Amino acid sequence: MKPTTRKRLFRGALYAIFIIAVVVVAVLADWEAIQSNFFDLDVAAEAFPGIITTAAKNTVVYTAIAFVGGMIGGLILALMKLSPVGPYRWLATAYIELFRGLPALLVIFGFAFAVPIAFQWRPPGGSAGAGLIALIVVAAAYIAETIRAGIEAVPKGQVEAARSLGMRPSWTLVSVVLPQAFRIITPPLTNELVILIKDTSLLFIAGMALGDRELTTFARDSVSSQANATPLVLAALMYLVITLPLTQLVAKLERHNKRGR
Amino acid sequence: MAATPRTDVPAIEVRDLHKSFGDNEVLKGIDFHVDQGEVVCVIGPSGSGKSTLLRCVNRLEEPTSGTIIVEGVDITDEDTDLDKVRTRIGMVFQQFNLFPHLNVLRNLTLAQIRAKKRGRAEAEEIARRNLAKVGLAEKADAFPSQLSGGQQQRVAIARALSMDPDMMLFDEPTSALDPELVGDVLDVMKQLARDGMTMMVVTHEMGFAREVGDRVVFMDGGVVVEQGKPEDVLGNPQHERTQGFLSKVL
């Protein structure tokens, strides 16, 4: 058999498998059940406008707060980890290892219930506030490692050039090292952000007031009250509406920054 | 001690400089000086310690022992404001080390604004003047990645000049360039020398050393083996090691 013939046959087989799989799924699926359980238009109508004005809005707000907080915490931790002072390095390492090793769900639970009992302290913003602090704490641990890797990826000659021009270490960091580090870590940081968007769904464990609910909590509540899973499908669509434009935006940003690499 | 630069002493004076990386002693007691307005070319085989010596002069390398005095200011003294001294010492690297995230103009103004506290308008005017000097006035808005190696190195020279340094250190400035781009960079350096700039040049360009250098210093194995006028050191070397090295590179 000629190589081109073989290639064509192989390609044809791939298409055949795909079509068979689609047909099997289509035949086996109970379309009526799917339609009534997941795509009930009356149930869907009930979810509006709350799913946008409360749930999606809260998801975006929580993500933004957790990401900004995580970036600030992560930057501080990364600088501590690169510090010449030993105790700072150990402290940062211990923090990062601890909070990367724990499930986010457990940390949120801890901040919402264990910390208030242990320290007799009510976090600002009630349960949602406590959960958010937990998200920031966890995000900082992951982002710290990303930022550290970015800083270390900036060539040593860059620091030498800035220092040889008489720039202080702080200015060298701010105007030479960090801008380049953040360009390098834009893709992994985007990952952290998208993971964070989805991690806000774990906040339900903290038990939230009605107006504080984010997409998943909102959808779960609707599912219970309506005895129908359509709100979950809506929530899933909402997540995609949030994440897809975001990743597109970052990809565009990355292309723009290419010339400055 | 007051850290004001003086003009009645050598620009650079190095006394009994030792530098070790771990167990590896790279500089084994160097005495070396560059007078004001003098162009000194340092040559020698790779691993001879010539780049380390140059990098010690603005303390990018920390000396193990010894004294380095720049315009009368002891830069090995703990109390010396190193950043201030460095604004008077221009440095050009083998790998250019331009800031890739900034355009050419911002490369030239950044340290003027951050370290010399110049206003933006003044910094940009000085930057454009120095870009013109290296023949790249039209590249102010380009990014380093859009320039050839030779152009990048000329921008790097302009960046150092924009700090109005009293002296320039060149660390093998043409070694990373394609052969056809070396000439433009050397021309800029020749012009600088003609303008009376104090220069310390670590180089493999023997032609440049012969033509532009006031003095040539030959280093090998972490010591200064021989130094003198270019025509003497390059044309009639006294020391066996110098003869051996020159017979390989000339």
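Proteins get letters first, then strands, A, B, ... in listed order; numbering begins at 1 in each. The structure displayed is predicted, hence computed values, not measured ones.
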Practice task
Under 4.5 Å heavy-atom distance to chain A, tell me which part of Arg59(B) shows up: side chain, backbone, both or neither.
Solution key: neither
Handout entry: Neighbour count >12 (heavy atoms, 6.0 Å) for atom CZ, Phe182(A)
Key = yes
Problem - Arg8(A) atom CZ, over 12 foreign heavy atoms within 6.0 Å - result: no
Fill in the blank from the handout: Looking only at Met91(B), Arg114(B), Gln112(B), most heavy-atom pairs under 4.5 Å shared with chain A are made by Arg114(B)
Handout entry: Pro100(B) side chain reached by Gln158(A) side chain, heavy atoms, under 4.5 Å
Key = yes
Completion exercise
The side-chain hydrogen bond (donor to acceptor under 3.5 Å, both in side chains) partners of Ser127(A) (sequence neighbours excluded) come to none
Exercise for the section: Name the option with the most non-hydrogen atom pairs under 4.5 Å to chain A; the candidates are Ser162(B), Ala115(B), Pro165(B). Expected result: Ala115(B)
Exercise for the section: Please tell me if the side chains of Leu110(B) and Val176(A) come closer than 4.5 Å, counting only heavy atoms from C-beta onward. Expected result: yes
Exercise for the section: Could you tell me which portion of Phe93(B) (side chain, backbone, both or neither) has an atom closer than 4.5 angstrom to a non-hydrogen atom of chain A? Expected result: side chain
Exercise for the section: Using atom types as modelled and distance alone, determine if a side-chain donor or acceptor of Asn97(B) lies under 3.5 Å from a backbone N or O of Gly157(A). Expected result: yes
Problem - Heavy-atom contact with chain A under 4.5 Å, split by part of Ile89(B) - result: backbone
Problem - Phe109(A) atom CZ, over 12 foreign heavy atoms within 6.0 Å - result: no
Handout entry: Heavy-atom closest pair, residues Arg163(A) and Asp83(B)
Key = NH1-OD1, 3.0 Å
Problem - More than 12 heavy atoms from other groups under 6.0 Å of NZ on Lys117(B) - result: yes
Fill in the blank from the handout: Bottom line for Leu82(B): the part with an atom under 4.5 Å from chain A's heavy atoms is neither
Handout entry: Neighbour count >12 (heavy atoms, 6.0 Å) for atom CZ, Phe10(A)
Key = no
Exercise for the section: Please indicate whether Arg100(A) has more than 12 foreign heavy atoms, meaning atoms of other residues, nucleotides or ligands, lying under 6.0 Å from its CZ. Expected result: yes
Problem - Smallest separation among heavy atoms of Met163(B) and Leu165(A), with atom names - result: CE-O, 3.2 Å
Completion exercise
Heavy atoms of Ser175(A) and His101(B) approach each other most closely as O-NE2, 2.9 Å
Practice task
Report, as yes or no, whether the 6.0 Å neighbourhood of atom NZ on Lys190(B) holds more than 12 heavy atoms from other residues, nucleotides or ligands.
Solution key: yes
Problem - Non-hydrogen atoms of Gly166(A) and Thr87(B) that approach each other most closely - result: CA-CG2, 3.9 Å
